[in-house]
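Notes follow the structure.
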Amino acid sequence: MKVYNTDVETKRKYWPVFEQMIRNQFEFGGEKYALINQPDKESTDWLCELSPGKTGFDWIFQTIAKYCARYINFQRERDLLKIGTYAYIAWLKAGYHLQKG
């Protein structure tokens with residue numbers, strides 16, 4: 001597998017592509033894993049309640065670890081997208097999106 005450099009111009013150029021792919025992941029997952037009669041929750045929220053750990057959402061980190069192992073074994077792009085999606089969900093669950101400044 002070839003490994004490429006990632007200067008700031010490369011990051012800027014390809015961010016919109018990555019952002020759209022991540023958006024597709026969480027929008028499709030949000031529909032696929034919606035909970036009946038709970039419009040503000042989906043199955044990730046429920047699973048975090050079942051296995052909160054120290055953070056309240058340790059399940060997400062365990063899932064990220066699973067996708068890291070899968071990526072090491074198979075080098076599939078979709079596993080990196082799932083890691084990015086779950087990192088975004090962890091950021092939301094931690095409430096960072098609610099901080100000002």
Side-chain angles (χ1 to χ4, degrees):
M1 172 182 210
K2 180 167 174 45
V3 177
Y4 297 88
N5 293 331
T6 60
D7 59 66
V8 71
E9 289 304 316
T10 301
K11 290 176 179 104
R12 186 177 294 121
K13 180 178 179 180
Y14 292 101
W15 174 254
V17 174
F18 183 74
E19 185 272 334
Q20 184 58 50
M21 294 170 88
I22 293 292
R23 179 182 304 276
N24 291 342
Q25 283 286 313
F26 73 75
E27 286 182 355
F28 178 67
E31 293 172 13
K32 186 165 67 170
Y33 298 112
L35 296 175
I36 297 171
N37 298 321
Q38 297 186 60
D40 66 331
K41 279 174 120 173
E42 49 97 40
S43 64
T44 299
D45 299 304
W46 175 60
L47 289 164
C48 288
E49 291 169 1
L50 293 173
S51 179
K54 292 181 180 181
T55 64
F57 50 90
D58 283 12
W59 178 86
I60 292 174
F61 298 121
Q62 295 161 356
T63 301
I64 288 172
K66 174 186 83 170
Y67 286 117
C68 288
R70 231 169 63 168
Y71 184 79
I72 289 167
N73 288 336
F74 300 108
Q75 291 86 46
R76 290 187 296 213
E77 178 185 42
R78 69 179 174 216
D79 294 325
L80 293 177
L81 296 172
K82 289 177 185 297
I83 291 165
T85 301
Y86 278 112
Y88 175 62
I89 293 169
W91 181 79
L92 291 170
K93 295 212 53 83
Y96 291 117
H97 65 295
L98 301 174
Q99 293 181 3
K100 305 239 190 275

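In this text the structure is predicted, and so the values were computed from the model without any measurement. Numbers here are sequence positions counted from 1.
- Using a 30° and 60° split on the angle between ring planes, F18 and W15 fall in the tilted class, from 30° to 60°.
- Note that CG of D79 is 4.0 Å distant from CZ of R70, once rounded to the nearest 0.5 Å.
- Atom CD of residue E42 and atom NZ of residue K32 lie 11.0 Å apart, to the nearest 0.5 angstrom.
- Listed here is the closest heavy atom pair of F57 and K93: CD2-CB, 3.8 Å.
- Between the CD1 atom in I36 and the CD atom in Q38 there is a gap of 9.5 Å [rounded to 0.5 Å].
- Within the model, atoms OH of Y88 and CD of E19 stand 9.0 Å from one another, a figure rounded to the nearest 0.5 Å.
- Linking ILVMFWY side-chain heavy atoms closer than 4.5 Å, directly or via other members, places I83 and L47 in a single hydrophobic cluster.
- Around the CG atom of D40, the shell of radius 6.0 Å holds more than 12 heavy atoms that belong to other residues, nucleotides or ligands.
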Is there a side-chain contact (heavy atoms from CB on, under 4.5 Å) between L50 and W59 once you walk through the steps? CA-CA 8 Å; L50 293 173; W59 178 86; over 6 Å; no

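- Between the CG atom of L80 and the OH atom of Y71 there is a distance of 5.0 Å, given to the nearest 0.5 Å.
- Here the CH2 atom belonging to W46 is positioned 8.0 Å from the CG atom belonging to L35, to the nearest 0.5 angstrom.
- Taking the ring centre of Y86 as origin, the terminal cationic atom of K82 falls outside the region bounded by 6.0 Å and 45° from the ring axis.
- Looking at every heavy atom in both residues, Q62 comes nearest to S51 through OE1-OG, 3.9 Å.
- By the 6.0 Å contact criterion, CD on E77 is open, its count of non-hydrogen atoms from other residues, nucleotides or ligands being 12 or less.
- Checked for salt-bridge contact, K13 and E9 miss the test: no charged N lies under 4.0 Å from a carboxylate O.
- Listed for the D58 side chain is a donor-acceptor partner under 3.5 Å among the backbone atoms of T55.
- Follow the hydrophobic side-chain contacts under 4.5 Å out from M1 and you reach Y67 in the same cluster.
- Residue-environment remark: CH2 (W91) exceeds the threshold of 12 foreign heavy atoms within 6.0 Å.
- Shown are T63, I60, L92; of these, the side-chain contact (heavy atoms from CB on, under 4.5 Å) with T44 is made only by I60.
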